[in-house]
Amino acid sequence: MIFTAESIEQLSEQFSQLPGIGRKTAHRLALYVVKMQREEVVSLARALVNVKDRVRYCTVCSNITEADPCPICSNTKRDKTVVCVVEEPTDVLALERTNEFAGVYHVLGGALSPLDGVGPEDLRIKELLQRLSDSTVEEIILALNSDVEGEATTLYLSKLLKPLCMKVTRIARGLPVGTDLEFADEATLSRALEGRIAV
Amino acid sequence: MKIRDIHVRKFRNHTQTDAVFSEGVNALLGQNGEGKTNLLEAISYLCLTKSFFGSTDGVVLQVGENRFEVSGELEGDTGIRYHVAVAYEHAEKTKEFFINRTRVEKFSDVVGQFPVVVLSPESGAITTGGPADRRRFLDFVISQSSKVYLEDLLEYRRVLRQRNKVLFDSKVSRTDATDLLEPWNEELVDRGTRIVHRRHAFLEELQPLVTESYASIAGGTERPMMTYEPSVDGKESTSEEAIKQGFLSELKRKAGEEKRFGITLVGPHRDEVTLEINNLGVRSHASQGQHKTLLIALKVAEFLYLQNKRNEKPILLLDDIFTELDAHRAKRLLALTNSVGQSFISTTSDSVFPTEFNWANANKRFVVHRGTVEHEGARVLAN
């Protein structure tokens with residue numbers, strides 16, 4: 001026991017369970033809570049519980065949402081023939097920020113990683129196939145991370161989806177827009193060279 | 001590349017060590033267990049973000065402490081200076097690396113920027129040890145000369161572990177994993193092919209350097225030879241396409257065996273480099289003296305190779321090696337260190353340095369005692 005109050009110790013312990021929070025930061029957060037107004041603490045606690053109670057997964061795309069189906073899936077203006085497959089809900093947010101994609105999404109909930117015990121049956125692949133058989137999807141865009149697990153998932157899905165006779169594409173890898181060539185790291189640059197296109 | 005000064009805090013037995021180094025030979029003198037190697041290890045943290053022994057961060061941290069720091073000023077051959085710092089916090093298990101006070105996102109970005117060549121008693125394994133020791137030598141050198149290689153290597157290892165897990169799981173559960181293996185196969189071949197290709201090119205470039213430096217140490221009649229024996233290879237060509245085809249067909253051929261053993265049996269993680277002197281295998285036939293000469297020749301070649309690739313003289317770290325070398329080889333090596341740039345030599349006895357050795361401007365002697373480092377000149381004055 002580091003603190004003289006057990007409740008602080010407990011809170012700090014809880015904070016340190018969160019991703020990206022180490023023990024020191026957890027202590028700092030716990031002590032900050034002590035200094036907060038009671039109302040503020042109550043509203044923080046309520047916000048935490050609300051998230052857990054209200055948010056669920058969209059039955060169509062598996063994105064997180066309060067309404068089911070989610071606002072993207074229920075939006076009649078979105079092109080339902082193009083489905084963009086991503087790993088996590090945060091990836092949907094990233095793509096939405098571009099304001100360029102008018103299709104719909106499918107959130108897998110991760111990537112293949114045998115070391116973490118994640119196999120195809122742990123991702124929402126069955127739901128994706130189900131969705132494809134029901135509707136009139138013409139193109140699947142695979143927008144997964146470019147680490148080895150994301151790559152493996154892309155390869156796995158492309159093998160699975162291609163026989164279903166639709167257009168399967170993957171997003172390009174290469175240079176970030178607006179950066180100078182000289183500042184690009186070597187690995188990115190060599191990938192960009194690999195994926196060069198005719199002009 | 002030169003290290004101008006170093007500041008070490010709570011690192012092994014160095015509670016607080018500050019030293020200003022010379023541009024030439026820096027001799028670290030002291031008895032066993034006083035902290036000579038620890039100082040070399042701290043230098044390795046500055047240049048490579050980690051220990052060259054493979055010690056973990058928690059191990060090099062002083063016992064009972066929570067945070068160690070190593071910082072220093074490095075200067076490139078063109079005169080550009082870098083302030084480099086590394087800090088490790090045990091409670092949070094975080095390590096941060098800073099160049100010019102900017103935090104570095106990926107440690108792999110640092111490797112190679114400050115090239116080093118290390119020769120320590122452990123290096124002997126390159127000629128006497130197994131294939132894994134020689135692969136480690138290859139990877140260490142190529143990674144410092146090519147960031148693409150290092151990234152490929154790190155990804156390859158990750159893919160390998162994932163693929164081994166799939167094979168292992170399918171062995172245990174007695175199920176067919178062909179579909180699950182397929183994406184990992186493709187990535188294994190992709191990264192693996194580039195690694196094999198790069199190793200071919202590297203050994204081709206290193207061979208003439210090894211031959212040359214061996215001759216300069218041992219005289220004319222003995223010819224050292226390195227032969228790359230990749231686990232997968234293109235039949236007649238070392239082009240990437242040929243290697244890839246070879247890799248794919250080997251994977252297919254060994255598929256049954258892999259399933260039985262539950263482990264990946266094909267790929268650059270099973271490569272070997274055989275070393276020969278006058279067509280006789282070094283591991284089975286070479287004398288102790290030949291082993292040592294070859295090791296030094298390899299290290300000199302490594303030095304020249306890195307210098308060529310990076311346009312920067314590597315920093316030379318020689319850890320307690322003179323006890324193992326006879327006078328003749330020691331002299332050769334010293335003559336070399338005198339001409340190469342900056343070097344750090346740890347030794348228990350300064351008798352390894354010839355009496356005529358010039359301890360003027362460019363060379364300095366330090367006394368290492370119970371985790372403190374003192375410039376000998378200053379010590380004499382203080383007394």
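Below, chain A is the first sequence line, B the second, and so on; all start at residue 1.
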Which bit of [X] is near chain A, if near means a heavy-atom gap under 4.5 Å: side chain, backbone, both or neither?
X: B:Q162; result: both
X: B:R191; result: side chain
X: B:R194; result: side chain

On a heavy-atom basis, which atom in [X] and which in [Y] lie closest, and how many Å separate them?
X: A:S113; Y: B:R158; value: OG-NH2, 4.1 Å
X: A:Y156; Y: B:L180; value: CE1-CD2, 4.3 Å
X: A:L155; Y: B:E186; value: CD2-OE2, 3.0 Å
X: A:A152; Y: B:P183; value: O-CB, 3.2 Å

Looking at B:E92 and A:R23, does any basic side-chain N land under 4.0 Å from a carboxylate oxygen?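 Here B:E92 does not pair with A:R23 in a salt bridge, since their nearest N and O are not under 4.0 Å apart.
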Once you round to the nearest 0.5 Å, how far does CD of A:E151 lie from CG of B:D190? 7.5 Å
Going by side chain to side chain contact (heavy atoms under 4.5 Å, CB included), name the residues that satisfy it together with A:V33, two or more places apart in sequence or in a different chain. A:L11, A:F15, A:M36, A:V41
Got a sec: does the CD of B:E65 have more than 12 other heavy atoms crowding it under 6.0 Å? yes
Are any non-hydrogen side-chain atoms of B:W184 and A:P114 less than 4.5 angstrom apart? yes
Between A:K24 and B:N66, is a side chain to side chain contact (heavy atoms under 4.5 Å, CB included) present by the stated rule, with each step listed? CA-CA 12 Å; A:K24 271 192 182 169; B:N66 179 46; 4.1 Å; yes
If you count heavy-atom pairs within less than 4.5 Å of chain A, which of B:K106, B:E155, B:E151 leads? B:E155
Identify which of B:E182, B:K147, B:R163 forms the greatest number of heavy-atom pairs closer than 4.5 Å to chain A.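 Top option by heavy-atom pairs under 4.5 Å: B:K147.
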So which part of A:T188 gets closer than 4.5 Å to some heavy atom of chain B, the side chain, the backbone, both or neither? neither
Proximal to chain A - members of residues 249-267 of chain B, heavy-atom separation under 4.5 Å: none
